[in-house]
Amino acid sequence: MNVRVLLFAGLAQRAGVREWTIELPSGATVTTLRAALESLHPWLREVPVAMARNQAMARGDEPVAAGDELALLPPVSGG
Amino acid sequence: MNVRVLLFAGLAQRAGVREWTIELPSGATVTTLRAALESLHPWLREVPVAMARNQAMARGDEPVAAGDELALLPPVSGG
Amino acid sequence: MGTTHSNRSHLTRSAIELARLVAQVATVDDGAICTFVGTARRNSEGREVNLLRYEAYPEMADQEIGAIVAEAERKFSGARIATLHRLGDCPLGEASVAVVAAAPHRVEAFAACRYVIDEIKARAPIWKQEQFRDGTAWVGDPGSFKPRIP
Amino acid sequence: MGTTHSNRSHLTRSAIELARLVAQVATVDDGAICTFVGTARRNSEGREVNLLRYEAYPEMADQEIGAIVAEAERKFSGARIATLHRLGDCPLGEASVAVVAAAPHRVEAFAACRYVIDEIKARAPIWKQEQFRDGTAWVGDPGSFKPRIP
């Protein structure tokens, strides 16, 4: 299955794009998605990142389904 | 000597005036002034009152001099 | 910076304009502005208030509020403060008092603003009279209720 | 009263007008209004900032701020809250975020206002980019400095 992964702020700057699409095996979780992203983009291991799934903070063991909206969130700095 | 005593809020309302002038013996203190006022206006004993001398909160043992500006302050309720 | 307000009165008989107070203290070096506005409330212990009236010992109140501002500017690093208390009639919903504290960071802005309003309420010689349909009373002065003569 | 803001966005690309936020929550039953405004500062760790730029994950940020407002209105009795965070370019001295909390008493107004700004800063997916003369950097993201190409 394919999932969309949104990128923001310094992550979008490093990636040079605001969105990745990645092919995942069915049964994937947030943790396996993250591992797949890190092997494609090793610089991700160097930066602190949280993950959101469908616009809420995601735990590592949450399953990822086709059509989910995933996002990589750098440390927030609003206000 | 004569001193002026300013009255505010509920005290001015009770007194019907905004200022008293009172004759005091020389050597008077804030405490003796207060006692003199209470004997002239016994209702003063029933209400909580602080005293200011020359626009600052006054201690009881402060001497009172001719020309001083004294004031009776009910509990404050600004804001 | 404790001299910002030294020659400005902290008392007014007109409506308080918060934006003007903010403009007195805000600069491009501040990151945080905390304001507090106290407004005349319709209800007081279950009774309906029509109007508030404030009276002060004006010279002493102005000095005392100036001292409170100076204390807050000393205690809270980088804070600059503007404050006004209204005197006379204050219609419902209008501001009776306003405090503005600008500071580089929000912790100091909140703390300075809170200090100033707490101390004004505790120390400034200002008195509030509530005007009801049937009479008036000085707040915190039991026995001061005066019936309105029809 | 947690429904006050449910259909209003908490994000804006225009200048924030504090008076309009105050008008959204103030009534003649409130005695206390506390506001907080965060403004773009000229200095950041000794470097001169020319402009701030805010980016958000907009749908999630709006939901998260809405959740924070609802939490504060539940926690602090009688509080009603309005808040806006600016996105895009924010010139020096202009508000990047504003929070207004109205309540019958000042303790709740201050606490609700403080809760909302603290939680927005900790939780809302919003990022600040500082623009210097010689480049840009995302705050809290070491290594994101990008030199300006002349």
Side-chain angles (χ1 to χ4, degrees), chain A residues 2-22 29-31 33-34 36-79, chain D residues 10-12 16 36-41 44 52-68 83-88 90 95-99 113-114 116-130 135-147:
Chain A
N2 283 310
V3 296
R4 295 166 66 210
V5 182
L6 306 181
L7 298 163
F8 295 98
L11 299 180
Q13 178 184 301
R14 285 178 180 86
V17 295
R18 305 192 72 82
E19 187 174 327
W20 284 325
T21 301
I22 186 171
T29 63
V30 168
T31 296
L33 165 61
R34 187 171 187 139
L37 291 171
E38 287 178 354
S39 82
L40 285 165
H41 308 283
W43 57 265
L44 264 183
R45 296 188 184 111
E46 315 297 318
V47 294
V49 171
M51 293 206 70
R53 189 174 70 89
N54 297 333
Q55 302 173 8
M57 296 309 292
R59 298 187 321 274
D61 62 356
E62 284 181 32
V64 172
D68 278 355
E69 177 178 294
L70 282 303
L72 292 174
L73 309 181
V76 302
S77 57
Chain D
H10 298 104
L11 303 173
T12 178
I16 294 174
F36 176 80
V37 174
T39 59
R41 294 173 64 195
S44 172
L52 292 180
R53 182 170 293 165
Y54 286 92
E55 177 180 322
Y57 183 1
E59 302 84 356
M60 184 174 166
D62 197 38
Q63 282 176 50
E64 191 72 17
I65 296 174
I68 292 165
T83 181
L84 266 183
H85 198 297
R86 187 154 176 186
L87 299 183
C90 185
S96 54
V97 63
V99 179
C113 189
R114 181 70 191 267
V116 170
I117 186 62
D118 285 357
E119 294 297 306
I120 286 175
K121 282 177 174 266
R123 290 161 50 186
I126 301 176
W127 300 275
K128 171 160 56 186
Q129 188 184 48
E130 291 175 334
T136 64
W138 291 98
V139 173
D141 183 350
S144 69
F145 182 78
K146 192 169 111 186

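The sequence lines fix the lettering, A, B, ..., with proteins before strands; numbering per chain opens at 1.
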Sort [X] into side chain, backbone, both or neither according to what part of it lies under 4.5 angstrom from a heavy atom of chain A.
X         : value
Ala95(D)  : neither
Trp138(D) : side chain
Arg86(D)  : neither
Ala122(D) : backbone

Task: Trp127(D) side chain to Pro74(A) backbone, donor-acceptor under 3.5 Å - done: yes
Open item on the list: Is it the case that the side chain of Tyr54(D) and the backbone of Gly79(A) share a donor-acceptor pair, with hydrogens and angles ignored and the cut-off at 3.5 Å?
Closed with: yes
Open item on the list: Just verifying a value: how many Å separate Glu69(A) CD and Tyr57(D) OH, rounded to the nearest 0.5 Å?
Closed with: 3.5 Å
TODO: Any chance you could measure Gln55(A), atom CD, to Gln63(D), atom CD, to the nearest 0.5 Å?
DONE: 5.0 Å
Task: Nearest heavy atoms of Ala52(A) and Met60(D), plus distance in Å - done: CB-SD, 3.8 Å
Open item on the list: Using every non-hydrogen atom in the two residues, find where Pro75(A) and Gly140(D) come nearest and quote the distance to one decimal.
Closed with: CG-O, 4.1 Å
Open item on the list: Are Asp141(D) and Arg14(A) packed together at the side-chain level, in the sense that at least one heavy-atom pair is separated by less than 4.5 angstrom?
Closed with: yes
- [ ] Mind checking side-chain hydrogen bond (donor to acceptor under 3.5 Å, both in side chains) for Glu59(D) and listing every partner two or more places apart, or none if nothing turns up?
- [x] none
Task: Residue part contacting chain D, namely of Ala50(A), when any heavy atom lies under 4.5 Å - done: neither
- [ ] Count the heavy-atom pairs under 4.5 Å between each of Arg18(A), Glu46(A), Met57(A) and chain D, then report the option with the highest count.
- [x] Arg18(A)
